[in-house]
Amino acid sequence: MNLFQPEPRGAHTPRPTLRSDEPQGEVEKGSMALLEVENLSVTYAPRDAPVTRAVQDVSFRIREGEFVGLLGESGCGKSTLGNGILRLLSPPARISGGRVVLDGVDLTGADEERLRGLRWTNLSTVFQSSMNSLNPVLRIEAQFAETFAAHRVGEEVGARVVELLRMVSLDPGVLRAYPHELSGGMRQRVALALALALRPRLVLLDEPTTGLDVVVQRNILDRLATLRHELGFAVLFISHDLGTVLEMADRVMVMYAGEIVEDRPAPDLVREAQHPYTRGLLGSYADPRSAEVRVSYIPGRPPDLSVEQPGCRFTPRCPYAEDACGQRRPELRPDDGGLVRCLVAQDGRLPRTPAGAGPGLPVFVGFPAAAGLDRSADPPPEQAVGDPVLLVDDVTKRYTTRRGLRTTSVDAVRGVSLALRPGRVTALVGQSGSGKTTIARLVTGVERPTSGQVRFTAADSTTEVRVDRLRGRALRDYRRHVQMIFQDPFSALNPTRTVGYALSRPLVNYHGLRGPAVRERAAELLESVGLAPAGQFLDKLPHQLSGGQRQRVVTARALAPEPEILIADEPVSMLDVSIRAEILELLGKLVRTRRLAMLYITHDLLSARLLADEVLVLNHGDLVEQGPTLEVVGAARDDYTRLLLDSIPNPFSAARRPG
Amino acid sequence: MLYFVRRFAFFVATLWAAVTLNFLIPRLQPGDPAEAIVSRLAGRNEAIDPAQVRAVRIMLGAPDGSLLEQYVQYLGAVARGDFGVSYSYFPYSVTHMIGQTLLWTVILVGVTQVISFVVGTLLGTWAAYRRNSRVDSIITLGSTFLGTLPFFWLALLLIYVFAITLRWFPERGGYGGGSTPGWSWLFVSDAIQHSVLPATALLITGPIGWIIGMRNNMVQSLGEDHARLALARGLPRRRIALTYGARLAILPNVTGFAIALGGILGGTVLVESVFNYPGMGRLLLEAVSNRDFPLMQAIFLFTTIGVLVANFLADVLYGVLDPRVRRAEST
């Protein structure tokens with residue numbers, strides 16, 4: 001066994017391995033594995049719910065210095081697997097089988113004190129939300145100090161912390177700050193510096209950049225790539241974001257329903273994914289800059305893991321499924337330099353991915369090619385462009401805060417003009433703090449502009465309504481015409497009320513419907529957003545629906561008052577990648593068939609490219625670029641727009657791949 | 001720093017509002033207290049003699065002059081601690097009566113509150129540290145059980161067992177008939193003897209709220225990402241429990257504790273009446289039953305001031321303990 005040394009390692013010297021009991025690897029025969037996960041299973045056994053097998057029989061290895069991506073959607077078990085490796089599972093979750101061996105030491109069997117010594121010196125981690133992963137009442141320096149103290153590192157700590165902060169491009173001044181005084185990006189850098197504090201050999205990153213702005217994400221990812229080359233640590237990078245994982249990782253493992261379904265070097269995976277699920281995921285991604293953008297989605301939802309099911313777990317959603325798939329459970333078998341868990345692929349009967357659909361872009365023909373989203377085949381219907389329903393004219397919104405005698409003012413939005421037209425989608429693109437949401441609030445009448453006008457003209461009338469002057473009753477009447485679709489479908493619905501009730505409120509309030517007519521209309525609305533048969537959904541509570549279904553309900557509720565304007569604030573950013581296109585397609589269809597004017601607020605240029613006719617780019621309250629989507633995204637003139645575009649992780653170009 | 005100045009300004013403003021309300025409310029009530037007293041003395045059907053009414057007014061020191069003059073007078077009197085004459089303990093002043101009882105209450109309730117908070121917080125922390133263990137079950141179930149017992153029943157049970165049956169402690173009062181109040185050893189030991197039973201009653205139920213609150217808060221903060229990351233960082237379990245659990249979990253309890261301390265001045269009516277303890281609670285009860293308005297008003301003012309001071313201290317303490325609050329207020 002390797003002798004664990006709690007003392008800090010000065011220079012980064014590879015330690016001699018004294019192991020003799022190392023099992024011979026099947027895949028990486030001979031090469032030394034830093035982390036070995038063998039048949040790991042994790043079950044959740046809550047008292048009042050059936051046992052769920054969140055991670056089942058997972059085996060893989062990570063070599064010294066290797067960068068491995070773990071890709072999967074919400075609920076696939078990737079974070080549970082990560083926590084299992086870190087031994088951070090808490091009841092009702094527990095490791096029900098298998099082992100995790102780090103550098104020859106069995107973590108699953110180690111007692112608490114031994115484990116404590118191993119932690120952070122060999123294996124460190126960065127969680128998704130660094131908002132919550134730092135202690136809010138301790139200064140940053142204290143959190144570094146306690147980390148060193150816990151591992152009895154005494155000497156030259158001060159200099160080392162400054163050096164660590166320099167590595168993540170932070171000023172030593174942040175040491176005196178409390179976590180809430182730092183921005184999200186800065187906190188995540190602190191978390192990364194903290195993770196590298198004891199020079200670990202493996203860093204587990206669990207969605208490290210999710211929730212950050214693209215530009216900030218780009219900085220952190222670049223920093224991470226550089227540091228990894230300088231320091232040589234291995235990485236297990238867990239994420240649902242295909243672009244990021246494929247760009248960063250040497251090798252990618254794809255997880256579905258608690259199992260690893262594919263394991264392959266990243267370039268091979270991009271070129272020729274073997275598992276139908278991986279292909280589906282890849283199909284949901286596209287480069288927004290290419291002339292033709294096509295994405296696909298995977299219908300259906302992941303299986304319920306509390307129910308034992310024979311055969312391949314992807315079968316119900318798989319376009320290539322055969323009879324055998326439903327009965328025989330496929331093994332994870334080597335194939336063409338990788339591993340795949342698919343009977344059809346293992347027999348070599350999976351069609352090759354058709355080439356020529358896009359520059360290196362695999363198009364998954366088996367899934368409905370989102371026809372409505374194929375914008376290239378959609379010539380701008382000039383004759384269809386009607387008069388604007390809403391005009392935002394040279395609007396400025398200034399927020400003034402007064403403290404004592406001093407006043408400070410911030411222009412959230414400066415001199416912005418835009419027009420919303422029936423049947424057209426206008427996208428507002430920008431980072432957080434760019435003023436996107438302020439514009440939405442001005443359009444809904446929640447806020448009034450400091451200067452400028454917001455004017456609304458209903459389709460069936462010629463009178464213009466000055467939204468910026470509405471009050472009371474008139475404002476309430478106006479809101480009927482403007483409805484919102486929110487970012488988080490989980491909190492946008494009252495968890496204690498049924499779907500039918502949620503839909504009935506606007507019908508009762510705005511249309512004065514009563515009795516059975518309400519339910520009838522609610523059912524129609526559900527069918528119009530693709531939740532059919534509606535009777536099956538009306539009496540459900542929000543928690544019984546998937547994220548995508550909830551977002552459909554939220555959409556149906558927004559349609560209930562028959563509005564002329566829909567404001568969609570990041571409607572897909574919290575949904576799984578594989579179903580985003582599905583929701584976008586629905587929104588696009590609704591806009592065009594119902595002649596709605598949509599303001600689509602997003603930081604995601606790909607979805608803007610897919611959905612919007614026109615794009616407006618906002619930077620710190622200023623409109624920096626505006627024009628037809630293809631022009632803005634395809635040939636950006638403004639530096640900031642180009643920065644946004646360049647920041648998008650691009651798995652299909654090898655240009656950025658370090659090394 | 002700005003945070004603390006702000007809190008202090010807020011404190012002064014609320015204090016002023018409370019004092020002013022205390023001045024205004026009785027004056028907004030219909031009827032003349034002097035007439036009411038005379039008619040009560042004279043019986044319902046007899047005519048009221050204006051001379052008697054005037055006499056009562058003079059005796060009680062009823063105010064005269066415009067409302068503004070009265071207000072200025074009142075503020076001056078409050079500042080001097082002059083609350084007028086007590087109706088029910090005539091000719092003693094309200095200040096004298098409160099002076100007689102305040103110390104009893106502050107010592108009995110104050111000491112038990114502090115002990116309850118300390119014990120409750122420690123037990124709650126222990127339960128959360130060993131959550132889902134036997135220790136946790138005993139502490140949580142035990143305190144929930146005790147919490148369901150009616151307080152007066154518990155107090156009467158104590159009196160029955162320890163005062164009447166075992167005769168270990170006196171059953172009522174703050175001190176024995178034979179001793180005279182003063183700082184002599186004899187009197188102090190007598191007073192302590194008398195306070196054991198009411199204090200025990202308060203200590204049995206006092207910590208329960210703090211235990212449950214502390215345990216639940218701490219279990220929650222230990223489930224947060226920062227506690228999990230601390231575990232991943234290999235910090236010792238004890239440090240995680242204290243710095244990542246208890247340190248954060250105690251924050252909401254600090255405010256609750258300060259408000260509880262502020263309430264001390266109002267005494268605990270139930271305990272003091274069951275044990276016939278000479279504290280503010282009993283005084284308030286008597287003031288209410290005798291319609292002793294000056295006394296009631298003074299007690300209410302005292303309680304208000306107590307709560308306000310305690311709240312101010314809680315805000316200050318919170319600012320020291322939680323850096324997030326300081327910042328949220330100053331931006």
Side-chain angles (χ1 to χ4, degrees), chain A residues 6 82-83 85-92 112-139 142-152 176-181 187 191 194-195 197-198 200 203-204 206 401 403-404 408, chain B residues 1-6 8-10 128-133 136-137 217-254 317-331:
Chain A
N83 284 331
I85 293 169
L86 292 163
R87 280 277 313 265
L88 286 181
L89 295 171
S90 50
E112 201 180 320
E113 201 37 42
R114 181 163 171 76
L115 201 59
R116 195 181 79 68
L118 288 168
R119 286 186 151 144
W120 225 247
T121 51
N122 273 351
L123 172 61
S124 70
T125 183
V126 175
F127 287 155
Q128 170 176 359
S129 161
S130 46
M131 181 68 197
N132 304 324
S133 66
L134 298 170
N135 188 333
V137 299
L138 289 186
R139 289 182 199 275
Q143 313 207 22
F144 275 99
E146 65 181 4
T147 309
F148 285 119
H151 297 280
R152 276 160 276 151
R176 298 290 300 156
Y178 288 100
H180 67 269
E181 295 170 326
R187 276 197 297 265
L194 203 52
L198 301 178
V203 181
L204 194 151
D206 190 354
T401 46
R403 190 195 305 169
T408 40
Chain B
M1 203 52 229
L2 191 70
Y3 169 80
F4 300 110
V5 173
R6 231 171 234 266
F8 186 71
F10 183 75
Y129 183 58
R130 300 290 211 80
R131 61 185 176 285
N132 301 328
S133 73
D136 182 19
S137 313
N217 288 344
M218 188 166 149
V219 165
Q220 196 180 348
S221 39
L222 286 178
E224 302 264 348
D225 271 357
H226 52 73
R228 285 178 45 235
L229 191 77
L231 187 63
R233 275 192 280 154
L235 300 193
R237 236 172 93 81
R238 188 178 298 251
R239 175 160 177 102
I240 298 174
L242 294 179
T243 327
Y244 289 76
R247 174 76 168 74
L248 292 161
I250 205 170
L251 292 174
N253 278 9
V254 168
L317 196 59
Y318 213 109
V320 173
L321 290 177
D322 190 347
R324 286 168 296 183
V325 182
R326 267 174 298 187
R327 148 102 168 204
E329 286 275 327
S330 62
T331 45

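Hydrogens, waters and symmetry mates play no part in the numbers below; they use all other heavy atoms, side chains included. Note on naming: letters A, B, ... go to the chains in the order of the sequence lines (proteins, then strands), and numbering restarts at 1 for each one.
- Only the side chain of B:Arg247 has a heavy atom closer than 4.5 Å to any heavy atom of chain A.
- Note that CZ of B:Arg239 is 6.5 Å distant from OH of B:Tyr244, once rounded to the nearest 0.5 Å.
- A search for salt bridge (Lys or Arg N to Asp or Glu O under 4.0 Å) contacts involving A:Arg176 returns A:Glu141, not counting sequence neighbours.
- Of the atoms belonging to A:Glu113, not a single heavy atom falls under 4.5 Å from chain B.
- Atom CG in B:Leu222 sits 10.5 Å away from atom CD in B:Gln220 (nearest 0.5 Å).
- Neither the backbone nor the side chain of A:Ser124 comes within less than 4.5 Å of any heavy atom in chain B.
- With sequence neighbours excluded, no residue satisfies salt bridge (Lys or Arg N to Asp or Glu O under 4.0 Å) with B:Arg131.
- The contact between A:Thr125 and chain B is made by backbone and side chain atoms together, counting heavy-atom distances below 4.5 Å.
- Heavy-atom distances place the side chain of A:Leu138, and not its backbone, under 4.5 Å from chain B.
- Contact of B:Leu235 with chain A is made through backbone and side chain together, with heavy-atom distances under 4.5 Å.
- Between the B:Asp225 side chain and the A:Ser133 main chain, no donor and acceptor come within less than 3.5 Å of each other.
- Not a single donor-acceptor pair under 3.5 Å links the side chain of A:Asn135 to the backbone N or O of A:Gln143.
- The contact between A:Leu194 and chain B is made entirely by side chain atoms (from C-beta outward), counting heavy-atom distances below 4.5 Å.
- Contact annotation for B:Ser221: neither backbone nor side-chain heavy atoms come within less than 4.5 Å of a heavy atom of chain A.
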